[in-house]
**Q** 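Could you have a look at this structure, given as structure tokens, before my questions?
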Amino acid sequence: MPELPEVETIRLGLTKLIVGKTIKSVIFDWPKSFPNNAKDVDNFMIDSTISGVRRRAKVLIMDLSTDYSLLTHLKMTGQLVYRSKNLNFGAGHPGASLVGQLPDKSTRITITFTDNAKLYFNDQRKFGWMKLLPTIEIDSIDFFKKLGPEPLSADFSWLTLKHRLSRRPNSVVKAVLLDQSVIAGIGNIYADEALWGAKIHPATPAKLLSDFKLKKLQAEITYVLKLSIEKGGSSDRNYINAEGKKGSYLSFARVFRREGLPCPRCDHIIMKTRVAGRGTHYCPHCQVLKKLGSRI
DNA sequence: CACTTGACCTGTCCGC
DNA sequence: TGCGGACAGGTCAAGT
């Protein structure tokens, strides 16, 4: 599920909803979703106040007043949904969000605040996780140490992109964009969207990209990520924001999930294939695969 | 070493 | 209606 824009949308929502709230209790029962034990929770979560909500790559970081932080990776189907004390309407109610009454069968963790508002971590496929660890240690855990730069940071230029892609010159460009150690935060949706925007075939070896194409690609990465944040992210299946609402980016998508439809640029039919082990959407007319020995 | 493929899970959709 | 298989937005470990 969530890539950079979806996690950022949740971050923006949670910043308004839970910063300043104090945790009263935590319920969790699936160790892979939350490996910490009850003692950690008692010592570092209960009675702590949420001091801020940050994001790095696709990970959401809730900082606590105990100098511990609660990290969340939503992987494919994770959701973080907030409910105030009086807003837990079931489906069908005028105030209902897209998930009904919570908790439900995919709820892995429930955090209750002192005002009886709740934050639910739902995750159908159980790939996602929450972890509690000292704030000061975040940057030294393996996952964070390996991460590449944030594509929306002010100093992420096309030269940065060129430099990062040169770490995996022989891989196809889509695989490299999905590699979080090269660039942090891009996933399957925005890789396809940015490659379409730059008119690059997803299976092009990274080293064949000209400086002209790299400039285009960097501009397109920035464009699709920013546009998606503006639209509240992409709701392909499971994604909802902290208030339980869908994002609308997919109504603006040019190729993702549009196989069989005309390319908005040239009217040729958009194809879906498999590149780097992932479902991949592209226009065979304006994203032409160049062979080794040529530069595009 | 660089790169690709399967595994982790559950749910849904599609063809027979 | 039931059943098997493919597929789903991410990341590792284990392969080649």
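The structure presented is a predicted model; accordingly, all values stated were derived computationally and were not measured. In the text below, chain A, chain B and the rest are named by the order of the sequence lines, each starting its count at 1.
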**Q** How long is the straight-line distance from CZ of A:R108 back to CD of A:Q124, given to the nearest 0.5 Å?
**A**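 It comes to 8.5 Å.
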**Q** Assign the ring pair A:Y82 / A:F113 to parallel, tilted or perpendicular, where the plane angle (0 to 90°) is split at 30° and 60°.
**A**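 Because their plane-to-plane angle lies in the 30° to 60° range, the rings of A:Y82 and A:F113 count as tilted.
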**Q** Just say parallel, tilted or perpendicular for the rings of A:F34 and A:F28, cut-offs at 30° and 60°.
**A**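 A:F34 vs A:F28 ring planes: perpendicular.
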**Q** Evaluate whether the aromatic ring of A:F127 and the six-membered ring of the B:dC9 base sit under 5.5 Å apart, centre to centre, with an inclination under 30°.
**A**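 Here the ring of A:F127 and the base of B:dC9 are not stacked, as the 5.5 Å and 30° limits are not both satisfied.
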**Q** Just how far, in rounded Å, is P of C:dG10 from CG of A:L71?
**A**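 After rounding, the reported distance stands at 19 Å.
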**Q** Let me know the distance between CZ of A:F121 and P of B:dC9, rounded to the nearest Å.
**A**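 From A:F121 CZ to B:dC9 P: 14 Å.
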**Q** Wobble G-U and Watson-Crick pairs count when both distances are under 3.5 Å; given that, what is the 5' to 3' dot-bracket string of DNA chain B, with | for pairing to other strands?
**A** .|||||||.|||||||
**Q** Got a donor-acceptor contact below 3.5 angstrom from the A:T114 side chain to the A:K24 backbone?
**A**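 Side chain of A:T114 to backbone of A:K24: no pair is present.
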**Q** A:L14 pairs by side chain to side chain contact (heavy atoms under 4.5 Å, CB included) with which of A:T72, A:V19, A:L80?
**A**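 So the option named by the test is A:L80.
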**Q** How close or far is atom P of C:dA6 from atom NZ of A:K272, stated in whole angstroms?
**A**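 It works out to 14 Å between those atoms.
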**Q** From CD of A:Q79 over to C1' of B:dT10, roughly how many Å is that when rounded to an integer?
**A**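 Between C1' of B:dT10 and CD of A:Q79: 13 Å.
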**Q** Round to the nearest Å and state the distance from A:N122 atom CG to B:dC9 atom P.
**A**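 To the nearest whole Å, that distance equals 18 Å.
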**Q** Ring centroid separation for A:F143 and A:H73, is it under 6.0 angstrom?
**A**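 Yes, the ring of A:F143 comes within the 6.0 Å limit of the ring of A:H73, centre to centre.
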